[in-house]
Amino acid sequence: MMQRLHPQATNKPARGSLLGIEHMEAKDILGLLKLARRMNPLKSRPLLRNKRVVLLFYEASTRTRSSFELAAKSLGAITCLVLSSGSSVEKGESLLDTGGTLRAVGADVIVIRHPSAGAPHLIARHLDIPVINAGDGMHEHPSQALLDALTILKHKKSFKGLHATIVGDVYHSRVARSACHLLTKVGVPVTLCGPPEFVPEVASTLAPGLRITRHVEEALRGTDVVLLLRVQKERLAGQKIRVQDYVARYQMTAARLKLARRDAIVMHPGPIIRGLELTSEVADGPQSVIMDEVRNGVPMRMAILARALGKAR
Ligand code: ASP
């Protein structure tokens, strides 16, 4: 039978897809975290031997792209990287046609990053293979939230009794959105902190148990986890922020960090902009777990890929 050029919408993403945290149940999140704890990139069985993992990236990436690729390779998979620049996307090919093409060349799973919210969901509804969202516009970045949760668990042993504070450009951040969903689902209350352009009042409705404050000193008091965000200049769309004001009021400095619990950890999804959202003293200081987050990205993404391809044992 001739294969359709344009695959039909199934309306249901294939089993194993990871499109966002919002609709995940806490037990599935905890299950994935448990699986990630068993993954070792240096000593792993080739669970995904001969599986083809396509990485389809329409936006810049360093950590997410390299760790998905290394995760896939650690499990014995074959990987193929497709960047929008240099591909037929530049010639005007649609997202769905690109998806269909990648399926036809043999992709078993597609990991996609796209500047438009919902792009991974759209492609997932037209394909019979799992799709993994590696960041869609200002919407979600589920694998980042999961690797951050894994990092918290490794440092704090359990989510019980913890409090988290997210400081910065929440509005434009898919990382913040996914983190809010995940942390509140596993019972961690979250305080959001930033100026109204970055933390609008409506942000508190994102998930139950979110609180907003404009004062970083208040936000930090007694917190266990400080998650900092980059100012997403590429998504500001003409909106001007006064960098000096932001730095004066919200930059994470060693003095401000002292207000948090003594054993609080400092997280940041990267890329970090030293001198803007944090000082180098904080980035490189003893409470920073920023490089652990990067490291944990590999086992976390191994777990996500293994689950996507039905090899999560
Ligand atoms: N790397 C993260 C993302 O892709 C955070 C950032 O870019 O600031 O969303």
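Counting convention: from 1, in listed order, for ligands and their atoms alike.
- With a 4.0 Å heavy-atom cut-off, ligand 1 is reached by the side chain of Arg113 but not by its N, CA, C or O.
- Thr64 and Arg113 share a side-chain donor-acceptor pair at under 3.5 Å.
- Around the CD atom of Glu281, the shell of radius 6.0 Å holds no more than 12 heavy atoms that belong to other residues, nucleotides or ligands.
- Neither the backbone nor the side chain of Arg63 has a heavy atom within less than 4.0 Å of ligand 1.
- Looking at Gln232 against ligand 1, only its side chain comes within 4.0 Å, counting heavy atoms.
- Looking only at protein heavy atoms, the nearest one to atom 8 (O) of ligand 1 is Arg230 NE, 2.7 Å.
- Ring centroids of Tyr246 and Phe198 are separated by less than 6.0 Å, placing the two rings close together.
- Heavy-atom contacts of Val175 reach the following atoms of ligand 1: 2 (C), 5 (C), 9 (O) (cutoff under 4.0 Å).
- Proximity of Pro271 to ligand 1 is established by a heavy-atom distance of less than 4.0 Å.
- Using modelled atom types, no side-chain atom of Ser88 and backbone atom of Lys91 make a donor-acceptor pair closer than 3.5 Å.
- In this structure, the side chain of Thr213 does not engage the main chain of Ala219 through any donor-acceptor pair within 3.5 Å.
- The protein heavy atom nearest to atom 9 (O) of ligand 1 is Arg174 NE, 2.8 Å.
- Note: an N/O pair closer than 3.5 Å links Gly270 and ligand 1 by distance alone.
- Counting heavy atoms from C-beta outward, Met138 and His172 have side chains that approach closer than 4.5 Å.
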